[in-house]
Amino acid sequence: MLEIIQEYWLLFLLGSYPNGPLGGIVATLLLSIIGIGLAFPLSVLLALAQLSPAKVLRYPAMGVGYLLRSIPLVMLIFGAYFVVPIILGRPVAGFTTMAVTLVVFQVVYLAEIVRAGIESLPKGQGEAAAALGMGYWTRTRRVILPQALGNMLPSMVGQFVTTVKDTSLGYVIGVNELTYAANQVNSTVLTEPFSVFLVLSLAYFAICFALTQAARLLEARLARNNGRMPATSHPPRPAPAQGY
């Protein structure tokens, strides 16, 4: 296994780049970042639409969520790979197809996380903001979402880790990501498939473990910041007793 790492580490890291498309671990991380980064703002809008009192927004948003969650990711990948070029009238790169599919797929799952984070807050938060004269979008942006972010963080990290693993399905449409790079190594070595895919498993484990640990540190830091009293603040003085 060590010999495979020493000889093919660059292929695992970058794919066939610079003699070919960028791949390997770098492509896997790029796909994951694009998938979560573009899906998150869209998921916030979808979650707010699902929580909207207006039925014209709530019902279609809920319908989109139910529909996309019922379709396996691999079917969405194949659908985008074969249908989108027909619609556009020109071929679409596999990396682009995979990135768009991940965004669409992650939107509905992140929307559920956002919705749960918002619903976990006490109703008094929104009512107090409304009593101060804040409109719906102002109190959502300044009061509700910042507080809900702390509740969402563990689940969002879990979804990010899931996205990293989901990128391996790009192999079925020829996306040069980490699993595709491992198959290239396996086709070259031929006699050591166990060692090759053990390296692949360890690479995924290292990425996901690092993300999880980073999220724990961030969560702990947010918890400390929320629980720490500002240095310039002072405890309120007791009100003087009133005589009768």
Side-chain angles (χ1 to χ4, degrees), residues 12-15 17 21-50 61 64-85 87-88 91-117 145 148-149 152-183 200-201 203-216 218-219:
F12 278 108
L13 181 63
L14 298 174
Y17 185 84
L22 184 66
I25 293 175
V26 174
T28 291
L29 292 177
L30 281 176
L31 283 171
S32 303
I33 293 170
I34 292 171
I36 292 292
L38 295 182
F40 180 69
L42 296 175
S43 68
V44 172
L45 295 177
L46 183 61
L48 293 177
Q50 292 176 345
V64 169
Y66 288 136
L67 175 63
L68 292 179
R69 286 198 304 272
S70 65
I71 302 175
L73 176 57
V74 68
M75 297 304 298
L76 285 177
I77 294 171
F78 279 129
Y81 186 71
F82 292 112
V83 174
V84 172
I87 296 175
L88 297 180
V92 179
F95 186 93
T96 303
T97 301
M98 188 65 194
V100 172
T101 306
L102 280 176
V103 171
V104 173
F105 190 73
Q106 295 302 326
V107 161
V108 293
Y109 287 95
L110 286 175
E112 288 300 304
I113 295 173
V114 174
R115 183 180 61 82
L145 288 179
L149 180 61
M152 292 185 260
L153 185 60
S155 298
M156 285 186 62
V157 173
Q159 195 62 35
F160 191 27
V161 170
T162 299
T163 304
V164 171
K165 294 182 288 186
D166 285 343
T167 58
S168 62
L169 292 176
Y171 168 73
V172 301
I173 57 172
V175 178
N176 195 358
E177 40 72 56
L178 181 54
T179 302
Y180 188 92
N183 277 278
L200 175 65
S201 301
Y204 278 117
F205 172 79
I207 295 171
C208 296
F209 182 77
L211 290 172
T212 303
Q213 292 302 111
R216 287 181 178 177
L218 178 59
E219 187 178 1

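The structure displayed is predicted, hence computed values, not measured ones. All heavy atoms count here, side chains included; hydrogens, waters and symmetry mates do not.
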Rounded to the nearest 0.5 Å, what's the gap from [atom1] on [X] to [atom2] on [Y]? Could you check?
| X | Y | atom1 | atom2 | result |
| --- | --- | --- | --- | --- |
| Ile25 | Leu200 | CD1 | CG | 9.0 Å |
| Ile36 | Thr162 | CD1 | OG1 | 8.5 Å |
| Met156 | Ser43 | CE | OG | 6.5 Å |
| Leu110 | Phe105 | CG | CZ | 11.0 Å |
| Leu73 | Asp166 | CG | CG | 5.0 Å |
| Phe40 | Leu45 | CZ | CG | 10.0 Å |

For [X] and [Y], work out which heavy atoms get closest and say how close.
| X | Y | result |
| --- | --- | --- |
| Leu22 | Leu30 | CD2-CD1, 3.8 Å |
| Leu46 | Ala61 | CD1-CB, 3.7 Å |
| Arg115 | Ala47 | N-CB, 3.9 Å |
| Leu31 | Leu102 | O-CD1, 3.8 Å |
| Leu178 | Phe12 | CD1-O, 3.7 Å |
| Cys208 | Val164 | SG-CG1, 4.3 Å |

Checklist entry - How would you list, by chain and number, every residue that makes a side-chain hydrogen bond (donor to acceptor under 3.5 Å, both in side chains) with Thr163, sequence neighbours excluded? => result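 Thr163 satisfies side-chain hydrogen bond (donor to acceptor under 3.5 Å, both in side chains) with Gln106 once adjacent residues are dropped.
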
Checklist outcome for this item: Residues at least two apart in sequence or cross-chain that pass side-chain contact (heavy atoms from CB on, under 4.5 Å) with Pro91, listed by chain then number, are none

Checklist entry - Looking at residues at least two apart in the chain, or sitting in another chain, which of them share a ring pair (Phe, Tyr, Trp, His ring centres under 6.0 Å) with Phe209? => result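 Only Phe205 meet the ring pair (Phe, Tyr, Trp, His ring centres under 6.0 Å) criterion with Phe209.
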
Applying side chain to side chain donor-acceptor pair (under 3.5 Å) as the test, list every pair that has at least one member in [range]; sequence neighbours left out.
| range | result |
| --- | --- |
| residues 92-104 | none |
| residues 26-39 | none |
| residues 69-81 | Arg69-Glu112 |

Next on the checklist: If we ignore hydrogens and angles and just use 3.5 Å, is the side chain of Glu177 paired with the main-chain N or O of Tyr180 as donor and acceptor?
Outcome noted: yes

Item to check | Residue pair Phe78, Val74: steps toward the side-chain contact (heavy atoms from CB on, under 4.5 Å) verdict | outcome: CA-CA 6 Å; Phe78 279 129; Val74 68; 3.7 Å; yes

